[in-house]
Amino acid sequence: MVFDNKLIQQRIDKAELLKKEGINPYSNDSKRNTTIEKFLNVNTDIVHKEDKRDEKRNYTLSGRIKFFRVMGKASFIKIEDESGMLQVYVTRDNFPEGFYNDIFKKNIEVGDIVEVSGYPFVTGQGELSLHANDLRLLTKAISPLPEKFHGITDKEIRYRKRYLDLIMNADVRKTFKIRSKVISLTRRFFEDKGFLEVETPMMHPIAGGANAKPFVTHHNALGIDRYLRIAPELYLKRLIVGGFEAVFEINRNFRNEGMDATHNPEFTSIEFYWAYKTYKDLIEITKEYFRYLFDHLNLPTQLPYGDMEVDFGKFSEVPLIESLYTIGDVPKEIVDDKNKIIEFLNSKNIQVKNTLSLGQLQGELFDEFVEEKLINPTFITEYPVDISPLARRSDKNPEITERFELFIAGREIANAFSELNDPVDQYERFKAQVESKESGDDEAHEMDLDFVEALSYGMAPTAGQGIGIDRLVMLLTNEHSIRDVLLFPAMKPVYAEEKHEESSPQA
RNA sequence: GUCUUGUUAGCUCAGCUGGUAGAGCACGUCACUUUUAAUGAUGUGGCCGAUGGUUCGAAUCCAUCACAGGACACCA
C-alpha cells in the first residue's frame, strides 16, 4: 500500500472531513494578488506607524505552512512561497463561528498550502506579519514534512526526493537559481557576441567528439544502434563548414563511465565554435565571459572554494610542458624523454603502460603533479598532439597543438583549441585513434568518415571551446559534489532487486 | 571496480562489552489571544535496510546482498 503510514492516514482522514464540511482540499481558485517578498518590501513603513498596522491595506497571499504555533484563541503560522517566508496571525474572533477551532486548528497543518487575506502589522517582537481575516486551504499535504529544525539531511533522500529538499532547504533553491542564471547569462553572452544557438543530434551513429564510452540505444525503424552523444563537437564543426561563422550549443552530453563527486552520466556543457579565430582569441573571450558572469551574478572576484581561495581576477597562461617543471616540480631535464618520464613516474610509485607515447606520458605527468595545484584560473596551453586528436597542430612545432584547457581550483573547467581543418591530417589522426582502440584503449576516438568528408569541402580556420556548466556552477556556489548542482542526479533505483526477484523466482 | 563508513518511528538522532526499543520534532488529547525551533501536561507510534549464521537469547557479533556517503582507481 502506498498510503499505509498512520500519519498519512490521519491526514487523509482530515481531508475527507474537510470535504464533508464543503471545503475542497484541492481547490484551484487561487486569488493571490502579491508575493511574500513584495508584501514584505511594500509594507516596511508599517513599523513607523502609531499602532503598527494599516487595516486599510489588504493583500491575498499563498504559500506552504512551515510553522504552526497555536496559543489558545490566537495562532501564528508561517507560510512560504517561492519568494520568501511570511508570518500570519490568525485569531478565533476574526473568523466565522467554529472555523478557528474545528477547521483551522484540527484540520490544517504544517505542509498544507493555504491562501490568506488580511492587513499588514508588526508584532510585539518586531516582525512584519499579516493579520488574517480570511484563510483558505488550497492544497492538503497528506504526507508529513520532515522535521522543522533539522530539515532533511540524509543525502540519499535529498537526491531521490529533490522536491522535499527544495521544500525544506532554502539554500538548495538558491543554488539552482544561480545555476539557472549561469545558463541564461551564458546564452545571452554568446548571443550578444553574434553567436547563433543551434541544436544538433543527441543520438549519434558514431560516438564522436571526445574520448569516452557512450550509452547505446536502438532505433527500431532503422534496425540500427545509436549512441547518446558524448560531445556535439563534430556536428557543430559541420555547421562551420556550412558557412555559419559563430555557433554554440548548451545541452547535455552522456558518458557511460563512473560516477563520483565530479562526474554524472549526463552533464551539461556549452560548446562554441568561432570561425576566423584562434585559441588565442578564445583565451580572451573566456576571460571576458568570466567577467560578464561575475558582474551579472554580483559576485566578488575572490571566491572561497572549500579551503581554497580562488581569485578570478588573476588569470594566467602556462604552456603544458613548462607547467610540469615550474608548477609540478618535475625535473626539467626529463620532460622530453619517454624513458626518463617512465623512470620518474615509477620512482613515485605510479604505474604506467610502457606503450604510452611521449605526449601521453607528459599528460600523465601533468595530471599527477600539476592539475591539483592550479587554484587561480590557469590556461594550460600547447598540448601534445597525440592527446589532442581534433586540435590543429602548431605551425611552429608539429608535435604540439594550438590548444588550452582552463583549470580552476584544481579542476578542468574548459577545453579549447584551434580546430584541425586539414582533412587528410584529420583522417590520419582518426586512423591512429582506431589503432589505439584496437590495441585496447576502449575510449579512443572512432573513425568518422562523414566528418572527414565535411572537412574536405573546407572549414574556415576556426577555434572552438567546451565549458562544463556543472563544474562551473559548483565553483560559483562552493558546492563539492556535482549532485548538489543537478536537480535530479543519477541514482540507482531502489526497487531494482525486488522487481528482479518477481521476474525470476529464486531464493 | 577497490577500500571505508552508514542504514533504528514520518524527520533528526541515542542505544556501551549480546538480555527483547529510547529522546526531540511531528501527530492525537488538554491548557494557553503577540509567538519565533512558542510553551506546559499527556498519549499513540518500530519486522532496528534484506537474507542467512553463531547463541538459551541478536538492533548489537559474523557472512552475504541492496542502497547511500566518503576516499582511491578509471575517466582528460
Side-chain angles (χ1 to χ4, degrees), chain A residues 3-11 13-14 52-53 66-78 85 87-94 100 105-106 109-111 121-127 129 131 141-161 164 167-168 210-213 230-231 255-265 267 320 350-351 359-360 362-364 366-368 371 380 383-384 387-389 403 405 407 411-415 441-444 466 468 480-481 483-484 489 491-498 500-501 507:
Chain A
F3 302 126
D4 58 353
N5 180 280
K6 276 168 198 153
L7 295 171
I8 293 177
Q9 198 50 58
Q10 270 177 14
R11 295 172 81 119
D13 292 345
K14 289 179 184 180
K52 308 218 177 224
R53 63 189 56 221
K66 299 296 284 288
F67 295 94
F68 204 100
R69 293 191 277 270
V70 179
M71 288 159 304
K73 299 176 189 67
S75 300
F76 285 99
I77 62 173
K78 287 208 169 182
M85 182 105 76
Q87 177 164 269
V88 179
Y89 184 57
V90 182
T91 59
R92 185 192 67 182
D93 298 338
N94 240 9
Y100 181 80
K105 265 166 59 175
K106 301 264 186 200
E109 58 204 318
V110 169
F121 80 113
V122 173
T123 66
Q125 303 294 313
E127 181 167 347
S129 308
H131 197 296
I142 60 167
S143 283
L145 248 36
E147 203 240 12
K148 62 187 169 189
F149 185 57
H150 297 94
I152 191 148
T153 60
D154 183 324
K155 286 199 170 179
E156 181 169 358
I157 302 178
R158 287 187 45 218
Y159 298 146
R160 288 190 194 279
K161 303 187 179 178
L164 267 188
I167 289 172
M168 297 310 295
N211 298 0
K213 285 177 220 149
I230 55 175
R255 296 190 185 175
N256 206 342
E257 292 166 350
M259 293 156 60
D260 60 26
T262 55
H263 296 82
N264 194 69
F267 63 98
L320 186 138
I350 299 158
Q351 307 303 320
Q360 285 170 320
Q362 289 165 336
E364 284 290 327
F366 177 82
D367 292 347
E368 205 61 49
E371 183 166 357
I380 296 294
Y383 274 66
I387 54 174
S388 312
R403 173 183 177 192
E405 287 194 0
F407 292 87
R411 280 205 198 116
E412 181 199 341
I413 295 295
N415 180 19
D441 179 0
D442 53 359
E443 286 177 1
H480 293 257
S481 170
R483 296 180 201 95
D484 290 318
M491 301 288 276
K492 273 200 191 182
V494 186
Y495 300 113
E497 179 70 12
E498 284 175 29
H500 188 256
E501 279 175 1

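Residue numbers begin at 1 in each chain, while the letters A, B, ... track the order of the sequences.
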- Query: Hey, are the side chains of R158(A) and D484(A) touching, using non-hydrogen atoms and a 4.5 Å cut-off?
  - Reply: yes
- Between H480(A) and M259(A), which has a closest nucleotide on RNA chain B that is more 5'? H480(A)
- Query: A26(B) P sits how many Å from R11(A) CZ, rounded?
  - Reply: 12 Å
- Task: To the nearest Å, give me how far apart NZ (K78(A)) and P (U35(B)) are.
- Result: 13 Å
- Message: Parallel, tilted or perpendicular: which one describes the rings of Y89(A) and F76(A), with boundaries at 30° and 60°?
- Response: tilted
- Query: Applying a 3.5 Å limit to both distances, which nucleotide forms a Watson-Crick or G-U wobble pair with A59(B)?
  - Reply: none
- Query: So, for E257(A) and K213(A), which heavy atoms are closest and what is the spacing to 0.1 Å?
  - Reply: OE2-N, 3.3 Å
- Query: OP1, OP2 of G70(B) versus side-chain N and O of R483(A): anything below 4.0 Å?
  - Reply: yes
- How about K78(A) and R69(A): do any of their side-chain heavy atoms sit closer than 4.5 Å? yes
- If pairing requires Watson-Crick or G-U wobble contacts with both distances under 3.5 Å, which nucleotide is the partner of U35(B)? none
- Message: Work out how far the C1' atom of A23(B) is from that of A31(B), and round it to whole angstrom.
- Response: 24 Å
- Message: Nearest to the side chain of R160(A), heavy atoms from C-beta on, is which of A76(B), C30(B), C67(B)?
- Response: C67(B)
- Task: Measure the distance from CG on L145(A) to C1' on U12(B) and round it to the nearest whole Å.
- Result: 14 Å
- Item | Base-pairing mate for U29(B) - Watson-Crick or G-U, with both contacts under 3.5 Å | A41(B)
- Is any side-chain N or O of K6(A) closer than 4.0 Å to OP1 or OP2 of G10(B)? no
- In whole angstrom, give me the gap between the P atoms of U7(B) and G43(B). 30 Å
- Query: Do Y89(A) and U35(B) have a side chain to base donor-acceptor pair shorter than 3.5 Å?
  - Reply: no
- Donor-acceptor contact present, side-chain K106(A) to main-chain K14(A), <3.5 Å: no
- A73(B), C75(B), U12(B): which one has an atom nearest the side-chain heavy atoms of D260(A)? A73(B)
- Item | Pairwise P distance for C13(B) and A9(B), with rounding to whole Å | 12 Å
- Of the candidates A76(B), U36(B), A37(B), the side chain of E405(A) sits closest to A76(B)
- Pair of N/O donor and acceptor under 3.5 Å linking U33(B) base with S75(A) side chain: no
- Item | Whole-Å P distance, U8(B) and U55(B) | 29 Å
- Is there a donor-acceptor pair under 3.5 Å between the side chain of Y159(A) and the backbone N or O of D154(A)? no
- Message: If I take atom CD in residue Q87(A) and atom C1' in nucleotide U34(B), what distance separates them, rounded to the nearest angstrom?
- Response: 8 Å
- Message: Using the side-chain heavy atoms of T91(A), tell me which of these nucleotides is nearest: A73(B), G10(B), U33(B).
- Response: U33(B)
- Message: If I pick the P atom on G10(B) and the same atom on C48(B), what distance separates them, to the nearest angstrom?
- Response: 12 Å
- What interatomic distance, in whole Å, is found between P of A73(B) and the corresponding atom of A14(B)? 31 Å
- Query: R403(A) near the nucleic acid: base, sugar-phosphate alone, or nothing, with a heavy-atom cut-off under 4.0 Å?
  - Reply: base
- Both distances under 3.5 Å, Watson-Crick or G-U wobble: report the partner of U17(B), or none. none
- Could you tell me whether M491(A) contacts a base, only the sugar-phosphate backbone, or nothing, with contacts defined as non-hydrogen atoms closer than 4.0 Å? sugar-phosphate
- Task: Could you work out which one of G70(B), A76(B), U12(B) sits closest to the side chain of K155(A)?
- Result: G70(B)
- Item | Base partner of U2(B), which must satisfy Watson-Crick or wobble distances under 3.5 Å | A71(B)
- Task: Using whole Å, report how far CD of E147(A) lies from C1' of A9(B).
- Result: 13 Å
- Nearest-angstrom distance from the residue atom CD of E156(A) to C1' of C11(B): 15 Å
- Query: Within the structure shown, what part of the strands sits under 4.0 Å from Y100(A) by heavy-atom distance: base, sugar-phosphate, or nothing?
  - Reply: nothing
- Note on the structure: Ranking A68(B), C75(B), U12(B) by distance to the side chain of E257(A), first place goes to C75(B)
- Message: Within the 4.0 Å heavy-atom criterion, would you say K213(A) contacts the bases, only the backbone, or no part of the nucleic acid?
- Response: nothing
- Backbone of A141(A) reached by a side-chain donor or acceptor of R11(A) within 3.5 Å: yes
- For nucleotides G45(B) and C65(B), find the distance between their C1' atoms and express it as a whole number of Å. 30 Å
- Message: At less than 3.5 Å, do the side-chain atoms of H150(A) and the base atoms of C11(B) form a donor-acceptor pair?
- Response: no
- Which of the following nucleotides, U35(B), U29(B), C25(B), is nearest to the side chain of K106(A)? U29(B)
- Message: A side-chain contact here means heavy atoms from C-beta on lying under 4.5 Å apart; do T123(A) and Q87(A) qualify?
- Response: yes
- Message: Classify D154(A) by what it touches in the nucleic acid, base, sugar-phosphate, or nothing, heavy-atom distance under 4.0 Å.
- Response: sugar-phosphate
- Task: Write down the atom of G363(A), the atom of I387(A), and the distance for their closest heavy-atom approach.
- Result: CA-CD1, 4.2 Å
- Message: Mind checking if K66(A) touches a base, just sugar-phosphate, or nothing, with heavy atoms under 4.0 Å?
- Response: nothing
- Message: So for E127(A) and U36(B), does any side-chain atom that can act as donor or acceptor lie under 3.5 Å from a complementary atom in the base?
- Response: yes
- Task: Compare the minimum distances between each of U33(B), G10(B), A68(B) and the side chain of L7(A), then state the nucleotide with the smallest one.
- Result: G10(B)
- Can you tell me the pairing partner of A9(B) across any strand shown, Watson-Crick or G-U wobble, with both distances under 3.5 angstrom? none
- Task: Can you tell me the distance, in whole Å, between the CD1 atom of I152(A) and the P atom of C25(B)?
- Result: 19 Å
- Message: Heavy atoms only, 4.0 Å cut-off, all strands: where does T153(A) land among base, sugar-phosphate and nothing?
- Response: sugar-phosphate
- Would you mind reading off the distance between R255(A) atom CZ and A76(B) atom C1', rounded to a whole angstrom? 9 Å
- Task: Name the nucleic acid region contacted by Q125(A), choosing base, sugar-phosphate or nothing; use a 4.0 angstrom heavy-atom cut-off, strictly under.
- Result: base
- Message: For the C1' atoms, the ones on G24(B) and on C67(B), what distance do you get once it is rounded to whole angstrom?
- Response: 27 Å
- Query: For RNA chain B, whose closest nucleotide is more 5', that of K105(A) or that of F67(A)?
  - Reply: K105(A)
- U34(B), A68(B), G28(B): which one has an atom nearest the side-chain heavy atoms of K492(A)? A68(B)
- Task: Check every atom of A76(B), U35(B), G28(B) against the side chain of R69(A) and return the nucleotide holding the closest atom.
- Result: U35(B)
- Item | Close side-chain approach of T262(A) to F267(A), heavy-atom, < 4.5 Å | no
- Message: Counting the atoms with a prime plus P, OP1 and OP2 as sugar-phosphate, which does I8(A) contact under 4.0 Å by heavy atoms, base, sugar-phosphate, or nothing?
- Response: nothing
